[in-house]
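For the numbers below, each heavy atom of this structure counts, side chains included, while hydrogens, waters and symmetry mates do not. Below, chains carry the letters A, B, ... as their sequence lines are ordered, and counting in each starts from 1.
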Amino acid sequence: MTRVAALALSETRILTRNKLVCATALLLPLGLGALIAADGEEGSWGEVVAMQFVFVLLFCVYATATTSIAARRRQLVLKRLRSGELSDPQILAGLLAPLVVLAAVQMLVLLACAVALGAPLPDRPLALVPAYLFGSVMAASLALATAAFTASAELAQITVAPVFLAALASAAWVLSVAPDAVTWLMHLTPGGALADLVRQGWASGGALLPSIAGLIVWTAIGWEVTKRRFRWEPRR
Amino acid sequence: MAVIEVTDLRCAYGDHLAVDGIDFTVERGEVFALLGANGAGKTTTLETLEGHQAPQSGSVRLFGHDPRGERRTVRRRTGVMLQDGGFAGELTVRETADLWARLGTRKGDVTSDLERLDLQHRADVAVEQLSGGEKRRLEVALAIHGDPELLLLDEPTTGLDPESRRRTWRVIAELVDAGTTILLTTHYLEEAEALANQVAILRDGKIAVAGTLGQVSAQLPARIAFRTPTVPLPPELAALRVDSRVGELILETPHLQPDLARLLAWADSHALTLDRLHARGGSLEDAFMEVVA
């Protein structure tokens, strides 16, 4: 655990020294989250916070992790790490942990901002915990899968687009209908599952499991692609 | 038990067979140098030993373990120096060395590692600002941290200036004196001669020549060279002639001492002075050129 923490600390240091990554991981989701919150109104705060969560996980975890993993592979940092004593899961945990923690901090900041702007406290705050946990793991898993097809940090701008757009569109799709009108198909979309789970924090009585199942399915898909296609060093 | 055991190792990239059935062992405390031209299979062999590559067939064992399947067991006892890179440029030299020390279980003093490679004055500099030679020395510093039992070094002094190269050789020699086993690849034959007691020269993925430095050198004839004399050589010496440059004769012989004595006796008998006379036994360079030519 100490070794994973050492790697995570080092990765945090690297992130803070890279202005572009800093902007993507920190400023962009906060800025967009604030913009979304500015549109909040009575009765729609569940949707507002849900969209903020989706933005945070897409920018801070998914896009940034894809970019940094591709960059580390290109720099042969991944290969060097594999020359040491850490196992593969420990290496990945160390590299991804700072982004997952940063996402939690951003979500809390945005939530606090929303409350300050008039959002009511969630009726079921515990619904936000699985939303964060399963959502982060899904975003990380999809990032690793996308990194498998991303040769460089620059190319990540392009390769993240399909999942990014699909997640945003599906989140918007789910949030455009009432909570009780969400279908199983909506739950099986990456953004839809996450958005609905967050929105359940402000709804009463809706089922959480279908959304969690959707997030698990996407995590499994990402992990399966990662197992089959992920490379620890650039192609020769 | 040998520290490294390689048995009938084959590695391929698609249709290209990079390593084609090689066998060798490295005993405790030995320094084994893998030599060969670019593309001969040196780095592929080393990366297989490091566990980065899976063999197509055959086996590699480090301390009796599979370096790929039992990575953690092997790595605790092994220092690895990659051929190229592997650093996050944003971190300083000290942060990089500290991180590497924390990621492993071998105990050691990072400051001392940097001092050994003359990097202490660059400790607070970002790695991306180091010269190529300084990055190589940092690679060595990370590999030797905690004095591992086995060191795998891929071209450890490529890009170093002569002083840094000798310093690195001294560090490696100190580790050997302390009992470390070393396998290295290099393009510098003088590096192999300075450090290694076993060498293998690869060609097209196969070991063409292997043995101690003495054994490898002894497989080749000795050479005697001198300025072309005004008097023709006697037939028994003329038969040894293999080459002549402008104004110079080169003789090759498997029996250096008697043939040199015969040449000197002949020169004495004709009152000749053999200008620019020099004689030497077969060398690693000769063996290398014989293999790669």
Side-chain angles (χ1 to χ4, degrees), chain A residues 1-23 25 64-65 67-99 152-153 227-228 230-236, chain B residues 11-14 16 18 39 43-44 46-47 49-53 67-92 94-106 126-128 135 138-139 142-143 145-146 148 151-154:
Chain A
M1 194 60 203
T2 317
R3 280 183 262 168
V4 175
L7 179 57
L9 188 65
S10 168
E11 191 64 15
T12 306
R13 216 174 246 149
I14 294 168
L15 290 174
T16 57
R17 289 176 188 173
N18 188 319
K19 291 188 181 81
L20 181 66
V21 176
C22 245
T64 309
T67 306
S68 63
I69 294 279
R72 302 285 172 275
R73 178 172 50 216
R74 184 87 165 207
Q75 295 167 321
L76 298 177
V77 170
L78 298 186
K79 185 177 181 183
R80 166 161 289 289
L81 289 170
R82 285 192 105 211
S83 301
E85 296 179 35
L86 293 182
S87 64
D88 292 349
Q90 283 178 315
I91 293 171
L92 295 178
L95 294 176
L96 296 171
L99 298 175
S152 68
K227 275 200 299 186
R228 288 168 189 264
F230 189 78
R231 298 178 63 86
W232 291 89
E233 56 185 295
R235 283 188 187 282
R236 289 167 187 263
Chain B
C11 301
Y13 300 108
H16 172 63
T43 295
T44 302
L46 198 59
E47 292 198 339
L49 290 171
E50 291 164 355
H52 291 304
Q53 299 252 3
R68 199 167 166 84
E70 300 167 90
R71 201 167 86 200
R72 293 186 75 177
T73 310
V74 170
R75 288 287 195 278
R76 285 183 185 148
R77 305 166 72 178
T78 310
V80 172
M81 178 187 183
L82 303 177
Q83 189 182 72
D84 188 23
F87 298 122
E90 296 90 341
L91 296 179
T92 67
R94 179 175 296 285
E95 285 166 351
T96 303
D98 275 338
L99 169 65
W100 197 246
R102 282 181 192 156
L103 295 183
T105 48
R106 291 197 302 271
V127 170
E128 64 195 355
K135 283 181 186 163
L138 179 57
E139 293 257 15
L142 302 193
H145 176 75
L151 262 180
L152 303 175
L153 305 173
D154 201 352

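- Between atom OG of residue A:S10 and atom CG of residue B:L103 there is a gap of 8.0 Å, rounded to the nearest 0.5 Å.
- Scanning both residues, A:L86 and B:R71, for their nearest heavy atoms gives O-NH2, 2.7 Å.
- When each of A:L15, A:N18, A:T16 is paired with B:E90, the side chain to side chain contact (heavy atoms under 4.5 Å, CB included) condition holds for A:N18 and for no other.
- Residues B:E50 and A:K79 are not paired through a salt bridge, judged by the lack of any N-O separation under 4.0 Å between the basic side chain and the carboxylate.
- Between chain A and the residues B:L142, B:T73, B:L99, B:V74, the largest count of heavy-atom pairs under 4.5 Å involves B:L99.
- When heavy atoms are compared at a cutoff of 4.5 Å, B:T78 does not approach chain A at all.
- Between the CG atom in B:L82 and the CZ atom in A:R80 there is a gap of 5.0 Å [rounded to 0.5 Å].
- Contact record, B:W100 with A:L81: CZ3-CA, 4.2 Å, taken as the closest heavy-atom pair.
- More than 12 heavy atoms of other shown residues, nucleotides or ligands fall within 6.0 angstrom of atom CZ in B:R68.
- Within the model, atoms CD of A:E233 and NE2 of B:H52 stand 7.0 Å from one another, a figure rounded to the nearest 0.5 Å.
- Going from atom CZ of A:R82 over to atom CZ of B:R75 covers 8.5 Å, rounded to the nearest 0.5 Å.
- With a 4.5 angstrom heavy-atom cutoff, A:I91 touches chain B only via side-chain atoms.
- Between A:R17 and B:E128 no salt bridge is recorded (no basic side-chain N to carboxylate O distance below 4.0 Å).
- Between the side chain of B:R102 and the backbone N or O of A:L7 there is no donor-acceptor pair closer than 3.5 Å.
- Both the backbone and the side chain of B:D84 have a heavy atom closer than 4.5 Å to some heavy atom of chain A.
- Heavy-atom distances place both the backbone and the side chain of B:R76 under 4.5 Å from chain A.
- Residue A:L78: no heavy atom, backbone or side chain, is found under 4.5 Å from chain B.
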